[in-house]
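Beneath this line is the structure, given in structure tokens, with notes to follow.
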Amino acid sequence: MRDRRLALLWSAFAVVALVSVALVLRREGRLSDLHIYYGALLDLRAGRPLYGYVAENGGPFTYPPFAALVLWPITLVSEPMVQVVWLLATCAAVVAVAVPVGAVLARGRSGRHVAAAVVALALMLSAPVQSNLRFGQVSIFVVLLALLDGMEVVPPRLRGVLVGVASAIKLTPLLFVLYFLAAGRYRDAARAAATFVACAGLAAVVLPGESWTYWAGTVLQTSRIGNLASLGNQSLHGMLLRLGVEPMSLPLLWAGLVAAICAVALLRARQLAAQGLPGHAAVLVGCATVAASPVSWTHHQVWPVLAAMLLIGASGVARRAAGVALLTAMVVSLGAALSAVSMRPGVQFLFENARALGVVALCLTGFGGVAVVAARSRRPRAAGRAWLRTGVAAATAVAFFAVQPLPAGADPTFKAYALDDVPNPRYFFVCRGPVACASYDTGGPVTFGTRTEKTKVRVNGVVSTEVARLEYHSAPGGAPRVIPLLSPYPGPRVFSFRSATMTHGRLVAYGADSRQIAAFDDELAAAFASR
């Protein structure tokens with residue numbers, strides 16, 4: 001029976017992996033991050049600066065110089081060949097990550113192969129692994145190195161080396177050095193730090209100019225990585241940006257919260273390691289890197305998937321329920337999937353930030369603690385009470401978010417377009433060109449149309465001469481957004497913006513005397529409901 005189940009699980013994994021790879025290869029602009037690595041290294045070979053490269057999609061090379069040395073061999077073959085090999089290597093890395101985690105779940109030799117297959121399948125179905133495949137990312141390989149080191153899988157004399165190498169490729173695993181110190185693994189911490197310095201030193205010898213450019217300033221330029229307030233960034237920093245925290249207070253607030261979260265997570269990881277659970281400890285530290293990093297894109301979030309599997313395999317109703325909830329959030333984009341039923345902006349904010357909130361909660365509870373509201377019990381009555389308590393706790397959390405008058409910044413998708421965007425027909429579609437707009441009859445102070453997309457609604461329109469200011473309220477109680485009124489052609493002024501939460505959207509026009517002359521909310525809500 002076990003052999004049949006094992007064969008079915010690995011067959012399912014193979015099918016999902018093959019379909020995923022096939023879909024990626026059919027995409028236009030596939031493996032865009034791998035394309036950046038490839039193009040940047042070709043430029044470097046040609047004598048051009050590594051950090052001056054910008055791909056067709058606007059993406060630069062953002063990793064430390066040592067990453068360029070590690071990736072250098074990909075330039076020896078054609079890019080299509082690199083893409084195929086990279087995808088296969090990513091699938092192999094998923095299996096390599098699943099095997100030690102499966103051994104932890106099985107707690108013995110008999111069921112570890114089945115557990116590894118379950119973990120591998122869950123990983124392959126998750127958004128982080130799919131994102132690694134889609135973009136051709138290094139994140140899964142970095143997770144593998146840090147996981148093997150953190151779980152003490154490598155020989156004792158080499159422990160710490162893999163974390164040092166991973167940190168030289170991507171800086172976030174440096175948190176494992178602090179974990180080694182907290183857990184009393186001082187030699188491992190020393191080896192990790194020495195390896196990191198040695199790798200950075202090697203890169204400085206081979207690529208002195210690029211090393212100086214990176215460590216002297218590029219390392220701090222997070223704006224190069226993209227829009228940090230977008231939903232893909234499920235770190236604490238990204239969530240605070242989406243909340244609309246004031247720029248002056250954001251750095252101090254973020255630093256204080258990160259310090260507290262990491263301190264709690266590291267202390268709990270030390271306890272887990274002392275209890276003979278190095279796998280749980282390593283995954284917890286990995287989740288802390290996701291929460292603490294200024295930027296944690298979807299492909300970085302492999303650690304929470306592993307945490308969800310460990311919770312599902314644990315004892316206790318609350319842990320298993322938490323594991324199922326976290327795994328669901330890591331497989332499904334709740335913000336997009338449940339937007340139609342999120343009747344309050346606070347609930348929508350909960351759905352859109354479910355991954356960030358889940359990771360923060362995991363770091364603070366550490367696979368137990370205050371999250372465990374029910375102990376394991378074989379008695380049906382006790383188990384029923386445990387499920388009831390868990391359900392009440394979950395409903396209370398949703399109710400808390402439902403009553404929050406979140407600020408306008410809670411809509412991370414919002415963007416108002418400027419004159420440079422006017423030629424784009426996706427943004428400006430109500431009237432196009434000087435002739436059409438000059439003869440356009442507004443029929444009132446504001447005339448607009450909407451276009452719906454998977455995760456957003458676009459609003460484009462024109463205003464009459466009596467309108468002096470146009471504002472958009474994306475959430476009740478939130479500060480309004482001022483919508484630019486543009487004059488690209490003779491005639492009525494135009495405007496365009498996008499938003500994700502138009503269920504509560506309100507567009508208000510004011511005259512020169514600041515008097516409200518028009519307001520629209522039902523029309524916007526109807527546009528959002530028609531998605």
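Aromatic rings of Y186 and F180 (six-membered ring for Trp) have centroids beyond the 6.0 Å cut-off, not under it.
Side-chain atoms of L362 and P304, non-hydrogen and from C-beta on, never get closer than 4.5 Å to each other.
The side chain to side chain contact (heavy atoms under 4.5 Å, CB included) test with V165 singles out one residue from V70, T195, V142, and that residue is T195.
The aromatic rings of W215 and F196 lie perpendicular to each other, with more than 60° between the two planes, well past the 30° mark. The aromatic rings of W254 and H237 lie perpendicular to each other, with more than 60° between the two planes, well past the 30° mark. By the 30° and 60° cut-offs, the orientation of the rings of Y63 relative to Y37 is tilted.
Using modelled atom types and a 3.5 Å distance limit, the side chains of S131 and Q137 yield no donor-acceptor pair.
The existence of a salt bridge linking D43 and R48 is confirmed by a sub-4.0 Å separation between a basic side-chain nitrogen and an acidic carboxylate oxygen.
The local environment of CH2 in W72 is crowded, with over 12 non-hydrogen atoms from other residues, nucleotides or ligands closer than 6.0 Å. At most 12 heavy atoms of other shown residues, nucleotides or ligands fall within 6.0 angstrom of atom CG in L252.
For the residue pair F13 and C91, the shortest heavy atom distance occurs at CZ-O, 4.0 Å.
For residues 271-296, the set of pairs meeting the side chain to side chain donor-acceptor pair (under 3.5 Å) definition, not counting sequence neighbours, comprises R268-Q271.
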